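This report refers to the structure that appears directly beneath it.
Whatever order the structure lists ligands and atoms in, that order sets their numbers, starting from 1. Predicted model only: the values in this text are computed from it and were never measured.
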Amino acid sequence: MLSARPATVPSQAIDWSGLGWMYLFFWYFSGITQLLLQFTGFVNFFPFGQAAFMSLLWLVPPLLFPRRTRTIAALIGVVLWFFSLFSLGFFCIYKQEFSQSVIFIIFESNQAEASEYVAQYFVWWMLPALMAYSAGAAWLWTRIRPVWLARRQAAVLSALILAFLFVFPLFKPLVIKGSSLEKAREELEENMEPAVPWQMLIGYSQYRQQLRNMQSLLEGNARIPPLANLQDSTAGLPATLVLVLGESTNRQHMSLYGYPRPTTPQLDGMRDQLLVFEQVYAPRPFTIEVLQQVLTFADQENPDLYLTRPSLMNIMKQAGYQSYWITNQQTMTKRNTMLTTFSRQTDKQYYLNFSRSQNSRQYDEVVLEPFQEILRDPEPRKFIVVHLLGTHAKYEYRYPSAYARFSGREGLPEALSSKQVAVSNDYDNAVLYNDFVVSSLIRMLAAARLNSLLVYFSDHGEDVYDSTGHQVLGRSEGKPTLPMYAIPFIVWNSEQWRAAHPRTYPREVLDRRYSTSHFIHTWSDLVGLRFDDFDASKSLISRDFKERALLVGSPAQPGSLIDLRSMMPRPATR
Ligand SMILES: [Zn+2]
C-alpha cells in the first residue's frame with residue numbers, strides 16, 4: 001500500500017474510515033477479551049468502556065507521524081498483542097478477568113500447583129483460537145493506512161486525545177472533589193487497568209506495593225509474643241474447628257430470624273441442630289475494619305491491639321492446630337492487604353477469587369471443593385477459616401440463575417418502588433444462595449463424622465431499604481442504621497462434639513446482646529482455650545457474660561462512638 005502523501009490535502013476532509021481502521025486495530029487487543037467477558041456476563045460494562053476509551057491513546061503516534069504509520073502500528077501492535085495473550089489466555093482457562101490478584105497467586109502459590117491447573121484446564125481448541133486471534137490482528141494491520149492531517153490538525157487532535165485520557169480524569173478528583181494527588185492517580189490507574197498493556201504493568205506494580213505492605217505487617221505479627229499461660233482443655237484430642245465468615249448479610253432478611261420470605265430453607269431445616277444467637281451485632285460496617293476486631297483483641301475502645309497482640313490465627317497455631325484459610329474474596333487489592341495478611345497467618349491458603357472488581361460474578365460454591373479436600377486431610381487438629389463473598393453488592397452477581405426465586409413484591413414493604421423491589425429481590429436471592437453455601441459446609445462437616453464445631457456469622461449487615469423510610473441502601477458509618485450491623489450468628493456442633501461437651505445453653509444466652517468485636521473470647525471459650533488475657537465476661541456463651549454497650553462508629557473519633565442499643569425499639573426486638 002502506498003503511504004506517500006497526496007499532493008494536496010484539503011485540511012477539512014478527515015479520512016474517517018482510515019481512522020476507524022486504525023482505532024479498530026488498537027482496540028482489538030483489549031477489546032476482544034473485554035467483549036468475551038461481556039458476553040459471559042462476568043463483569044459489568046465499566047472495563048469494556050474503559051478499554052475502548054484507553055485504546056484511543058495509540059492513535060496519537062501515527063497521527064503525528066503519518067509517514068511511518070504502518071511501522072508504528074506494527075510495533076505497538078506486537079507489544080499489545082504480546083500482553084493481550086495473557087489476558088485472553090487467562091480468560092480461556094478461567095473465564096475471568098486478569099488482575100493483580102492473579103499475579104499474586106502466580107507468584108505466591110506453589111509453582112507446581114499453578115502448572116497443574118493450567119494442564120487441567122488446557123483444551124486443544126485454545127491453540128487454534130489463539131492463532132485465529134493473532135491472524136485477526138495481522139489482517140486488521142493490513143487495512144491500516146496513513147491518515148493525513150494538516151500538522152496543526154494532527155497536533156490538536158492528539159492533544160485532545162491525551163487531555164481526554166489523562167487530564168480530564170484527573171480534573172474531576174483533583175479540582176471538583178478535592179482529592180489528594182495520590183487518590184487521583186489511583187483513580188486514573190483504575191481507569192487504565194482494563195486495557196493492555198496497563199493491566200499487566202499497573203497490576204505488577206500494585207502487586208509489589210501491596211506485597212511490601214503485607215510483608216511488613218507479617219513481620220510485625222511475627223514479633224508479637226505468644227499468649228501467656230495458654231491452656232487447652234482438649235489438648236492433644238482430634239478436633240476440626242471451622243469459622244465461616246459471611247459478608248454483608250443482614251439477619252433481618254433470613255427466615256431463620258423470622259423474615260417472612262423463605263430465604264434460608266436449608267438452615268431452617270437444621271434449626272434443631274443449631275444455636276441461633278438472636279442479638280449479635282457488628283462493631284463496624286466494613287469488612288477489613290470489622291475483621292481487624294473480630295479476629296484479634298482489638299475492639300472499638302482499643303482499635304490498634306491487632307498490631308501488638310496475637311490474632312485468632314496465631315492463637316490456634318499456638319494451640320497446635322494446623323490452620324487453613326479458604327477465601328472467595330479478592331486477595332490483592334489495596335483494600336484487602338490486611339485480609340490477605342490475616343490469611344497468611346495460617347498454614348495453608350486457598351485463594352479462589354481473581355476478580356479485579358468486586359462487582360464481578362463470583363459464586364461462593366467454589367469454597368466447597370477445597371473445604372472437602374481439607375476435611376479429608378488426615379491432620380488430627382484442624383482450624384479452618386472460610387471467607388465468603390456472601391451477599392455483597394452487587395447482589396445480582398452473587399447467585400446463579402437457579403436461585404432467582406424471589407421476583408415479585410410479595411413479602412416486601414409496600415412503600416418500595418419497583419426499582420427498590422428489584423434490588424430487594426436480588427438481595428433475597430443472594431441470601432437464599434448463601435443459605436445453600438453455609439448449609440452445604442455444615443452438611444459436609446457432619447458427613448465427615450469428626451469431633452467438630454462450626455461458627456458462622458456475617459462480617460456486618462446491610463440496609464436493603466429496611467430501616468424506617470425504606471430509603472437506605474448499603475452501609476454508612478456516618479449514618480448508622482440497625483440493619484447495617486444486625487448479623488446472623490450460629491453455632492453448629494457435631495454429634496461427636498456434643499458427646500464430649502454435653503453443654504446446654506438456657507434461652508437467655510441466645511438472646512444476649514453482643515458485639516463481635518469481642519469474638520476472640522467467645523471462640524476461645526467454645527473451643528476450650530484459656531489464657532491470661534481471656535475475659536469470660538466478653539464470651540457470649542459464658543456464665544460470667546456481662547452485657548456491654550454495642551459501640552459503633554469510627555474508633556479514630558472516640559467521641560463519635562454511639563451505643564447501638566440506643567437505636568433499638570423498646571421492648572427489644574431483633
Ligand atoms: Zn464486608
Side-chain angles (χ1 to χ4, degrees), residues 101 243-254 280-296 298-300 303 306 311-312 325-343 351-353 355-364 366-367 385-399 423 426-428 430-431 433-435 437-438 441 455-464 466-467 472-490 515-517 519 550-555 564:
S101 297
L243 173 59
V244 182
L245 301 169
E247 174 63 66
S248 305
T249 303
N250 163 3
R251 67 167 172 265
Q252 297 173 333
H253 278 255
M254 299 170 72
V280 177
Y281 297 87
R284 303 199 64 182
F286 309 113
T287 311
I288 318 293
E289 286 74 4
V290 82
L291 292 183
Q292 249 169 29
Q293 299 188 10
V294 163
L295 298 173
T296 73
D299 60 21
Q300 288 288 65
Y306 74 97
S311 68
L312 191 63
W325 187 286
I326 307 173
T327 179
N328 191 32
Q329 298 242 346
Q330 292 161 291
T331 45
M332 263 296 158
T333 61
K334 187 179 178 200
R335 259 298 279 160
N336 285 5
T337 309
M338 191 65 225
L339 262 187
T340 309
T341 305
F342 283 142
S343 74
Y351 300 114
L352 305 169
N353 185 335
S355 13
R356 197 173 52 74
S357 150
Q358 200 143 41
N359 284 342
S360 305
R361 206 172 279 285
Q362 174 75 21
Y363 305 136
D364 275 333
V366 291
V367 304
V385 179
V386 183
H387 195 188
L388 303 175
L389 213 45
T391 58
H392 194 287
K394 282 190 162 179
Y395 317 135
E396 61 191 274
Y397 289 138
R398 297 295 158 249
Y399 59 91
V423 173
D426 285 339
Y427 188 73
D428 287 349
V431 173
Y433 180 67
N434 186 62
D435 172 64
V437 174
V438 174
L441 290 167
V455 176
Y456 162 73
F457 57 91
S458 179
D459 59 345
H460 48 75
E462 180 99 336
D463 198 333
V464 190
D466 300 291
S467 55
V472 181
L473 178 66
R475 295 163 263 134
S476 147
E477 200 153 49
K479 291 182 187 144
T481 66
L482 268 185
M484 296 174 189
Y485 299 94
I487 52 173
F489 189 107
I490 62 179
S515 164
T516 48
S517 58
F519 174 69
L550 302 170
L551 295 179
V552 299
S554 169
L564 260 193

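By the 6.0 Å and 45° rule, Arg251 does not stack over the aromatic ring of Phe457.
When you scan the N, O or S atoms of Asp459 for the one nearest the Zn ion (ligand 1), you land on OD2. Within Glu247, OE2 is the N, O or S atom that lies nearest to the Zn ion (ligand 1).
The closest donor-acceptor contact from the side chain of Asn434 to the backbone of Gly390 lies at 3.5 Å or more, if one exists at all.
Considering CG of Leu352 and CD1 of Ile326, their distance stands at 7.5 Å, rounded to 0.5 Å.
Nearest heavy atoms, Gln293 versus Pro283: OE1-CG, 3.3 Å.
Distances from the Zn ion (ligand 1) show that Ser248 has no N/O/S atom below 2.8 Å. The Zn ion (ligand 1) does not have His392 among its coordinating residues (no N/O/S atom, backbone or side chain, under 2.8 Å).
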